[in-house]
Structures are given as C-alpha cells and as structure tokens.
Amino acid sequence: MPSPLTYDVFVAEPIPQNVRELVPNGDRRMFSPLSITLVSGEEDAVLVDPPMTIEQTKQVGDWVEASGKNLTHIFATHGHGDHWFGGAELAERFGARFVATPGTIEQMKLNVAMRPVFWDALFPGQIPQTDVTAVRAVHGVIELEGHKLRVIEVGHSDTEDTSVLHVPALGLVIAGDVLYNGVHQFLREAAGDGIKQWHEAIDIVAALEPRHIVTGHKNKELDDDADRAIAETRAYLDAAAELLAQEDNALGFFNAMLQKFPERLNPGALWGSATALFPQTV
Ligand SMILES: [Zn+2]
C-alpha cells in the first residue's frame with residue numbers, strides 16, 4: 001500500500017509593481033497573490049509552481065524545510081515567470097529535480113528573454129537568476145512514494161503551452177493559471193480565440209473530475225472546491241467575451257468587468273487585461 005498523501009498551499013502575498021500610474025479605481029498596481037503547493041507523502045514531497053522573487057523564494061524554501069519533508073521534485077505548470085523564477089534556486093537548495101513539459105520549457109526561455117522589458121521593469125532587483133534548468137518529466141509522471149502524479153498538457157489557457165498536475169489519490173488538480181479562485185484573471189493573451197481555447201483547457205481539467213483545485217492565483221480566504229473554481233473561471237471568461245464584443249475601450253471594459261466581479265482580488269490585473277485587449281484606447 002502506498003503511503004497516504006496530503007497537500008498544503010503557501011500563498012505569497014501581493015507585492016507592489018514598479019508602476020507609477022494608478023489603476024482607474026485608485027489602487028496602486030500590485031501583483032496578484034501566488035499559490036505554491038507542496039504535495040507530501042510520509043517522507044518525500046513535490047513542490048508545484050515555485051514563486052518569483054528572491055524574497056518569496058527564501059520564504060517558500062524555509063516553509064518546505066519546516067515541513068521536514070525530503071523534496072524530490074519541483075514542477076512548474078507553465079512558463080510565466082511568476083510560477084517558476086525561483087525554481088532553480090529551490091532545486092539546488094533541496095537537491096530536487098526541476099521538471100516541466102517541453103512546451104513550458106520553451107515558454108520559460110521566452111520569459112527569460114523578456115526579463116529586461118517586463119519582469120525586471122516591474123520588480124527591479126527582486127528577481128533571482130533565471131537559468132532554465134527544468135527538464136522534461138519522464139513519461140509525464142512524477143513518482144511520489146508509489147503514487148503517480150500526472151502531468152496533463154492542456155494547451156492555451158492564460159498563456160501558451162500550459163499544463164496541470166493531477167494527483168488522483170487526493171482528487172486534486174494543481175492547475176496553475178488554467179483556473180482562478182477569487183482573483184481577476186489574466187486576459188492579456190486572450191485575443192483571437194484565446195477565450196475559446198481557455199474553455200477547452202478547462203474541459204480537460206473538468207474531465208478529471210477533481211474534488212479540489214489549487215489555482216495559481218487564489219484568495220487565501222477561499223477553499224479549493226473544484227466545481228466552484230471551474231464554474232467561476234468559466235463565468236469570468238464568458239463575461240469577458242460578451243464585453244469584448246460590446247465595449248470599444250479599455251476603461252469601459254474595466255468598469256463593466258469590475259461591476260460584475262466586485263469580490264475578485266486585484267483590479268489592477270483587470271486593468272492590465274483591459275489595456276492589452278484595447279491597446280489603441282489607452
Ligand atoms: Zn500567473
């Protein structure tokens with residue numbers, strides 16, 4: 001009998017971005033909270049979606065150390081730097097193997113290339129060295145004390161080439177940014193048929209019939225109920241698609257979405273989406 005598994009989530013608090021302009025609602029531009037998940041057996045553990053900054057990476061490393069588990073693998077669900085920039089350092093600290101899909105590894109390289117104009121501009125001096133050290137997970141499986149954790153590729157969701165980690169023994173999907181939980185969704189890559197493809201990615205997760213979903217960005221006050229995360233992420237996409245057809249400028253889109261989703265954290269992320277979707281109007 002394999003040992004029972006458990007999971008824990010570390011939520012890294014929102015940090016300010018190096019952006020002077022305020023969000024139209026008066027907020028300072030902040031980065032959304034980040035979810036980092038530790039799946040543990042009796043002795044070993046797997047970390048999913050290591051965080052972004054030097055400070056967050058140290059905090060997560062100390063959290064893993066305090067768990068007393070032996071970290072064997074680190075997995076990144078997708079290539080956006082906020083979900084892996086600290087991965088190489090944590091892999092070295094714990095002697096763990098850093099794995100991802102080939103598509104994610106390619107996206108990691110693109111994120112490293114855009115560091116100077118994007119990540120370092122938002123967080124000057126705060127991002128660690130970002131050599132892409134992740135390797136492909138063999139047969140798309142991560143072994144944890146006799147359990148198979150399955151890497152599932154889902155294609156485009158909030159960016160290209162995304163994946164999730166399915167932990168069948170826990171009825172758990174660690175979904176990266178395929179699902180959101182109480183935080184405004186990243187729609188900067190949603191133009192064209194991006195929203196349709198995102199729905200198709202969610203279809204793949206839903207077919208796994210998970211009970212729990214950890215989302216890459218969550219409001220830490222909320223639980224990990226899978227059905228709610230799926231329904232709410234889809235509702236947000238549907239509203240965005242409808243308003244994209246109705247609105248003709250960034251501010252109109254922002255205000256209408258904010259009115260529909262007043263409880264979601266980080267309207268600044270919504271403003272980021274709006275300015276990308278209506279670039280000619282800002
Ligand atoms: Zn993200």
Side-chain angles (χ1 to χ4, degrees), residues 9-17 19 29-37 47-53 55-57 60 74-87 90 100-101 103-112 114-115 118-123 126-128 130 132 134 153-165 173-190 194-195 197-198 201-202 205 213-220 222 224 229 232-233 236-237 240 261 264-277:
V9 182
F10 181 103
V11 177
E13 298 292 336
I15 56 172
Q17 299 181 7
V19 175
R29 282 299 290 272
M30 303 288 287
F31 205 82
S32 294
L34 298 172
S35 310
I36 299 94
T37 307
L47 186 75
V48 183
D49 283 354
M52 170 171 61
T53 68
E55 177 65 25
Q56 290 166 343
T57 300
V60 166
I74 297 172
F75 174 70
T77 55
H78 64 291
H80 278 158
D82 50 322
H83 302 273
W84 73 270
F85 277 162
L90 289 169
T101 67
T104 291
I105 291 169
E106 287 310 305
Q107 294 296 322
M108 287 172 161
K109 292 174 185 164
L110 293 176
N111 273 258
V112 170
M114 66 160 92
R115 258 191 78 151
F118 187 77
W119 297 106
D120 291 319
L122 291 181
F123 304 106
Q126 296 172 66
I127 309 242
T130 52
V132 178
E153 298 190 54
V154 300
H156 179 95
S157 56
D158 88 337
T159 187
E160 299 299 323
D161 295 321
T162 61
S163 67
V164 304
L165 189 67
V173 169
I174 303 161
D177 293 353
V178 181
L179 280 306
Y180 275 68
N181 188 357
V183 181
H184 282 285
Q185 295 171 211
F186 181 86
L187 300 173
R188 291 183 66 91
E189 300 178 38
I195 288 180
Q197 289 179 36
W198 193 335
I202 296 173
V205 174
I213 293 177
V214 177
T215 66
H217 304 283
K218 70 170 283 189
N219 179 338
K220 66 181 180 188
L222 299 174
D224 296 330
E232 291 181 4
T233 303
Y236 193 94
L237 293 176
F261 301 97
R264 294 243 185 166
L265 298 182
N266 199 6
L270 172 60
W271 181 237
S273 295
T275 55
L277 292 168

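Indexing begins at 1, ligand by ligand and atom by atom, following the structure's order. All values reported here derive from a predicted model rather than from experimental measurement.
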Requested in this report: Rounded to the nearest 0.5 Å, what's the gap from CE on M52 to CD1 on I36? Could you check?
Outcome: 9.5 Å
Query raised in the report: Can you name the N/O/S atom of D82 that is nearest the Zn ion (ligand 1)?
Result: OD2
Query raised in the report: With D158, which of Q185, R188, H80 fulfils side chain to side chain contact (heavy atoms under 4.5 Å, CB included)?
Result: H80
Report task. Give the minimum heavy-atom separation between E232 and R264, together with the two atoms involved. Result -> O-NH2, 2.9 Å
Requested in this report: Tell me, please, if H217 has any N/O/S atom, main chain or side chain, under 2.8 Å from the Zn ion (ligand 1)?
Outcome: yes
Query raised in the report: Given V154, which of V178, T77, D161, I202 fulfils the side chain to side chain contact (heavy atoms under 4.5 Å, CB included) condition?
Result: V178
Query raised in the report: Taking the Zn ion (ligand 1) as the vertex, how big is the angle to NE2 in H83 and OD2 in D177, rounded to 10°?
Result: 100°
Query raised in the report: Do you see an N/O/S atom of D158, backbone or side chain, under 2.8 Å from the Zn ion (ligand 1)?
Result: no
